[in-house]
Protein chains: 2
Amino acid sequence: MKTMIENESNYTPSNYRTPDGAPTDVVIFTIVSTERLAVKKSMPTRELYVLLIQRKVWPFVGQWALPGGFTRETETIYECAQRELKEETGVEPMHLEYFNVYSTPGRDPRGWIISHAFLALVNEGVLKDRKAAVDAMDVRLFSVSEALTMELAFDHHQILVDALLKIRLQMLSTTIAKEFLPAEFTISELYQVIQTVVPEFEEKNFIRKITSTQSRKGIIEEARDRNGELKSSNLHSQRAAQLYRFTDHEPQLSIYS
Amino acid sequence: MKTMIENESNYTPSNYRTPDGAPTDVVIFTIVSTERLAVKKSMPTRELYVLLIQRKVWPFVGQWALPGGFTRETETIYECAQRELKEETGVEPMHLEYFNVYSTPGRDPRGWIISHAFLALVNEGVLKDRKAAVDAMDVRLFSVSEALTMELAFDHHQILVDALLKIRLQMLSTTIAKEFLPAEFTISELYQVIQTVVPEFEEKNFIRKITSTQSRKGIIEEARDRNGELKSSNLHSQRAAQLYRFTDHEPQLSIYS
DNA sequence: ATAATAGTGTCTGTTAGACAGTATGCG
DNA sequence: CGCATACTGTCTAACAGACACTATTAT
């Protein structure tokens, strides 16, 4: 009972309505650290932030939205996200990753528009250099908890929720924590970054597990200067802490072994 | 230096070229078991297969391609994939999952066409019921190793490679093995399914780990009949083997704990 | 000295990994 | 009996998890 229409064989573009554009939307996450001024030499508080822009024209005028824009026929979706991200934040993101498509009919009042959502992770150090651009009236960082309470344009609330879920899973199963840390960091900083993204994460013996458990110790290594001496930092503590760096090893997880 | 064009604010559909369609392509995997006739009461050999269709019209006439078709403006991408899959195979897939977008300019000679790739896993039992439909001249199952050597239409070779990578990762990190197994199965069958998708998988003490390791034993449970008696099967062995079933528990993996 | 972070000692129970050995039942 | 699959016993080393304890140093 198969007809020709059931597979794509006899398609000609003019037979059917075609989409009115293929935009990308980028969820740009960063972690903002603020020093606790009351206490010297202590760990900063960290919070997850997301970058939003305020719309100026129809539809959703005045509402905040994820940055993004329409793909050109000469570029891939990925290149479009990369271009838009650079235009918005002035940085080449270290981590830019496609994560979902949004195609519910009616999601965009401008027409039939299927949007491609990306996840970008930006180190706050990098973003700070471009603070002027990011601090414009129409481009701002919001804490994720605040952004989740806002009425965002289109289905951007759902995209944000999905992105958050994705980054939480990835934080525990990959080494993306490195995107939020400097090249060399202390175990406490790493622990804090993980907890910032996944608040329920808790490991009592974290330092021991990650440094001396054989099956896991490959993912970070001690930082050494060019004389081979161990490097440490007392930026956030009285007692200096050993610095570590991520190796290029990505562990493979298995539920069966 | 931000212009209005850099964000999507002033877009009107007529300003730019729009895509010529938003199709889906579905990579349908199944595992085919064949009894080893030489040896009675032994484990079957299993192999991963993928369903392809032979194109009848321009472009890529006569070449094999992934099934799929164009999305309608009244449905989501997911609904399109579901519809096409049902039309092609006659089954509602147990597992249908979006996994990537393909947008390289020029990938489709018919125009500017961005394709959305899905991964479907179908139990061979379900597919066997529809064998007539699937055995048509233009719709066939190929072993994945054979499909990888074929010249597929469009960029479908790349899509297949990506889908294979994805399913291999998922086989070890989620319980999708259940899609390839009957509701009740033996430990050996589970082990075989995992190895069929991930040939390098090897666990010497598999049976013990999955049944009696506290942190892992939640993912499967012993099958019992309504009297509470343990169920076993001697379909593939002289000595009857205990049957198990997946629970609805999905383990959480973490590289840090 | 105090506060704040960094790290170690030690104990108990669990798990990993290897491999030999036993169990079952068809042909 | 032999074979193919299904388990179980046993031993060692490594790991998990808890928590008390020591270390360092700016203020």
Side-chain angles (χ1 to χ4, degrees), chain A residues 33 35-46 172 184-195 200-220 222-223 230-244 251-257, chain B residues 33 35-46 172 184-193 195 201-220 222-223 230-244 251-257:
Chain A
S33 311
E35 300 297 329
R36 285 153 53 203
L37 294 175
V39 200
K40 293 282 186 191
K41 289 283 179 186
S42 65
M43 299 295 288
T45 59
R46 289 170 205 263
L172 297 182
E184 300 181 345
F185 52 87
T186 66
I187 300 292
S188 294
E189 287 175 316
L190 171 57
Y191 190 68
Q192 263 209 348
V193 162
I194 298 170
Q195 282 204 320
E200 61 272 26
F201 179 79
E202 190 187 323
E203 278 302 313
K204 290 278 166 61
N205 284 347
F206 184 68
I207 187 174
R208 173 170 278 154
K209 272 178 136 162
I210 202 160
T211 56
S212 50
T213 304
Q214 205 163 45
S215 57
R216 249 180 297 273
K217 70 182 166 200
I219 74 174
I220 60 170
E222 290 151 337
L230 293 172
K231 293 175 73 175
S232 59
S233 153
N234 68 341
L235 191 62
H236 298 305
S237 61
Q238 327 287 16
R239 175 174 171 178
Q242 175 62 45
L243 288 171
Y244 289 83
Q252 311 281 8
L253 291 175
S254 165
I255 63 173
Y256 298 116
S257 55
Chain B
S33 310
E35 300 297 329
R36 285 153 54 202
L37 295 175
V39 198
K40 291 280 184 194
K41 288 282 181 187
S42 66
M43 299 295 289
T45 58
R46 288 170 205 264
L172 296 182
E184 300 181 345
F185 51 87
T186 66
I187 301 291
S188 293
E189 287 175 317
L190 171 58
Y191 190 67
Q192 264 209 347
V193 163
Q195 281 202 323
F201 179 79
E202 188 186 326
E203 278 303 313
K204 291 274 167 63
N205 282 348
F206 184 68
I207 188 173
R208 174 171 278 155
K209 272 177 135 162
I210 201 159
T211 56
S212 50
T213 304
Q214 204 160 46
S215 56
R216 248 179 297 272
K217 71 182 166 200
I219 74 175
I220 60 170
E222 289 150 338
L230 293 174
K231 293 175 73 175
S232 58
S233 154
N234 67 341
L235 192 62
H236 298 305
S237 59
Q238 326 288 15
R239 175 174 171 176
Q242 174 64 43
L243 287 171
Y244 289 85
Q252 311 281 5
L253 291 174
S254 165
I255 63 172
Y256 297 117
S257 55

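Given the structure is predicted, the values throughout are model-derived calculations rather than measurements.
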Rounded to whole angstroms, how far apart are [atom1] on [X] and [atom2] on [N]?
| X | N | atom1 | atom2 | value |
| --- | --- | --- | --- | --- |
| Leu230(A) | dT24(D) | CG | C1' | 16 Å |
| Lys204(A) | dA16(D) | NZ | P | 15 Å |
| Tyr191(A) | dG7(C) | OH | C1' | 15 Å |
| Tyr256(A) | dT15(C) | OH | P | 18 Å |
| Leu235(B) | dC26(C) | CG | C1' | 14 Å |
| Glu202(B) | dA18(C) | CD | P | 9 Å |
| Leu243(B) | dA6(D) | CG | P | 11 Å |
| Ile207(B) | dG9(D) | CD1 | P | 12 Å |

I'd like to check the side chain to side chain contact (heavy atoms under 4.5 Å, CB included) partners of [X]; sequence neighbours left out, ordered by chain and number.
| X | answer |
| --- | --- |
| Asn205(A) | Arg208(A) |
| Lys204(A) | Glu202(A) |
| Leu253(B) | Leu253(A), Ile255(A), Ser173(B) |
| Arg239(B) | none |

Exercise. If each of Asn234(A) and Arg208(A) is mapped to the nucleotide of DNA chain D with the nearest heavy atom, which maps nearer the 5' terminus, i.e. the 5' end?
Worked result: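 Taking each residue's closest nucleotide, the earlier one in sequence belongs to Arg208(A).
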Exercise. Starting at the 5' end of DNA chain D, which residue's closest nucleotide do you reach first, Asn205(A) or Ala240(A)?
Worked result: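 That would be Asn205(A).
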Give me, pair by pair, the N or O atoms of the protein and of nucleotides 3-5 of chain C that are less than 3.5 Å apart, along with how far apart they are.
{"unit_1": "dT5(C)", "atom_1": "OP1", "unit_2": "Arg36(A)", "atom_2": "NH1", "d": "3.4"}
{"unit_1": "dT5(C)", "atom_1": "OP1", "unit_2": "Met43(A)", "atom_2": "N", "d": "2.9"}

Exercise. Quick one: does Glu203(A)'s side chain have a donor or acceptor within less than 3.5 Å of a partner on Tyr191(A)'s backbone?
Worked result: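 Side chain of Glu203(A) to backbone of Tyr191(A), a donor-acceptor pair under 3.5 Å: no, none is there.
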Exercise. Residues in ring pair (Phe, Tyr, Trp, His ring centres under 6.0 Å) with Tyr244(A), at least two apart?
Worked result: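 Tyr244(A) satisfies ring pair (Phe, Tyr, Trp, His ring centres under 6.0 Å) with no residue once adjacent residues are dropped.
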